[in-house]
Amino acid sequence: MTVAGHLGELRRRIFWCVLVFVVLSVVCFVFIQRFVDAALALSTGFSFVYLSPSELLTSYMKLALVLGLVLASPFILWQIWAFVQPGLTEREASSARRAVISGFVFFLLGAAFCYFLILPLTLQFLYSFNGSKDIAANISFNSYMSFILGMLLAFGVVFEMPVLSYLLSRLGLLKPQTLVKARKYAVLAVFLVAAIITPPDVLSQIMTALPMLALYELSILVSRAAARRREGEDDDEDEEDEEDEDGEEEE
């Protein structure tokens with residue numbers, strides 16, 4: 001395909017990505033109250049206000065855009081995949097295909113973990129932190145929803161660590177030995193994060209830290225498996241090259 005052909009295909013794929021994103025954002029805006037109700041159900045005693053006439057509408061629109069982007073991400077990733085796939089080797093294509101599918105699944109798992117465990121603990125702790133009767137917990141609706149979205153997106157990205165480890169290891173950019181050497185620092189970082197975002201009791205911190213530690217250990221296992229598979233494929237390629245050379249010499 002010529003350069004003009006590539007640019008034409010890229011414009012076509014970008015158009016469809018934007019169209020799907022807009023359509024899904026509109027659909028999310030129609031049903032946005034359900035998501036808002038689910039987010040407000042996590043609050044423990046907060047009272048919500050909006051500080052300008054347009055703040056509530058703009059907050060709803062921002063939520064709809066973010067949700068539309070999340071829902072459209074599988075289609076967008078598929079379009080990106082279809083565009084770059086002809087230029088990839090079979091090994092790279094296979095790894096990228098698995099990473100795209102697994103990445104979206106792990107993102108949803110991370111968001112669910114955050115919603116059902118992390119956010120209730122965090123909001124309960126933040127609300128109980130106020131020890132003064134003269135300070136009322138009147139929270140801006142926009143600030144609250146930004147906090148909820150930020151936490152959900154952050155944990156969704158963190159849960160993609162095994163997928164990223166697999167992809168980097170398959171491409172030869174990450175070695176499992178590196179993850180093993182960094183394990184003690186990762187454990188310390190996980191418990192520090194758990195101590196910050198959860199109430200000051202040991203049980204809550206352990207409940208938060210254990211899944212994150214399990215993700216790190218899973219990343220090590222996945223990286224080892226990917227590295228072994230890569231080494232096996234390299235050995236097979238070397239054997240094929242030797243056979244081809246031997247055949248050429250015989251001829």
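Atom set for the values below is all heavy atoms of this structure, side chains included, hydrogens, waters and symmetry mates excluded.
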same_hphob_cluster(W16, W78) at 4.5 Å side-chain heavy-atom cutoff: yes
Donor-acceptor contact below 3.5 Å, side chain S223 vs main chain I220: no
Taking every non-hydrogen atom, the tightest pair across S169 and A226: CB-CB, 3.7 Å
CD1 on I32 to CG on L63, rounded to 0.5 Å: 4.5 Å
side-chain contact (heavy atoms from CB on, under 4.5 Å) against N138, all qualifying residues, sequence neighbours excluded: S47, A136
Residues in side-chain contact (heavy atoms from CB on, under 4.5 Å) contact with L77, at least two apart in sequence or another chain: V100
Results of ring-ring contact (aromatic ring centres under 6.0 Å, His included) for Y144 - residues two or more places apart only: F48
side-chain hydrogen bond (donor to acceptor under 3.5 Å, both in side chains) involving S146 - partner list, sequence neighbours excluded: K62
Distance (rounded to the nearest 0.5 Å) between C17 SG and I80 CD1: 6.5 Å
Distance (rounded to the nearest 0.5 Å) between S25 OG and M61 CE: 10.0 Å
Interatomic spacing from CG in L24 to CG in L19 - rounded to 0.5 Å: 9.5 Å
Under the side-chain contact (heavy atoms from CB on, under 4.5 Å) test, residues paired with V49 that sit two or more places apart: L51
same_hphob_cluster(L215, L221) at 4.5 Å side-chain heavy-atom cutoff: no
I101: partners by side-chain contact (heavy atoms from CB on, under 4.5 Å), with sequence neighbours left out: none
Same apolar cluster: F35 and Y50, side chain cutoff 4.5 Å: yes
Side-chain donor-acceptor distances from residues 147-154 under 3.5 Å, at least two apart:
none

S59 vs M145 side-chain heavy atoms within contact, under 4.5 Å: no
Give the table of side-chain donor-acceptor pairs shorter than 3.5 Å for residues 103-118, with sequence neighbours excluded, one pair per line with atom names and distance.
{"residue": "Y115", "atom": "OH", "partner": "A38", "partner atom": "O", "Å": "2.9"}

Flag side-chain contact, heavy atom, 4.5 Å: L65 against F29: no
Step-by-step side chain to side chain contact (heavy atoms under 4.5 Å, CB included) determination, L69 to I76: CA-CA 9 Å; L69 181 61; I76 295 174; 4.1 Å; yes
For Y60, ring-ring contact (aromatic ring centres under 6.0 Å, His included) partners two or more places apart: F141
Residues which pass salt bridge (Lys or Arg N to Asp or Glu O under 4.0 Å) with R12, listed by chain and number, not counting sequence neighbours: none
Atom pairs and distances, donor-acceptor, side-chain atoms in residues 172-191, under 3.5 Å, two or more places apart:
{"residue": "R183", "atom": "NE", "partner": "E217", "partner atom": "OE2", "Å": "2.9"}
{"residue": "R183", "atom": "NH2", "partner": "E217", "partner atom": "OE1", "Å": "3.2"}

Within one Ile-Leu-Val-Met-Phe-Trp-Tyr cluster: Y166 and V158, side-chain cutoff 4.5 Å: no
Nearest heavy atoms of G68 and C28, plus distance in Å: N-SG, 3.9 Å
Closest heavy-atom pair and its distance - V20, A72: CG1-CB, 4.2 Å
Partners passing ring-ring contact (aromatic ring centres under 6.0 Å, His included) against F46 (at least two apart in sequence or in another chain): Y127
Transitive ILVMFWY side-chain link V36 to L57, under 4.5 Å: yes
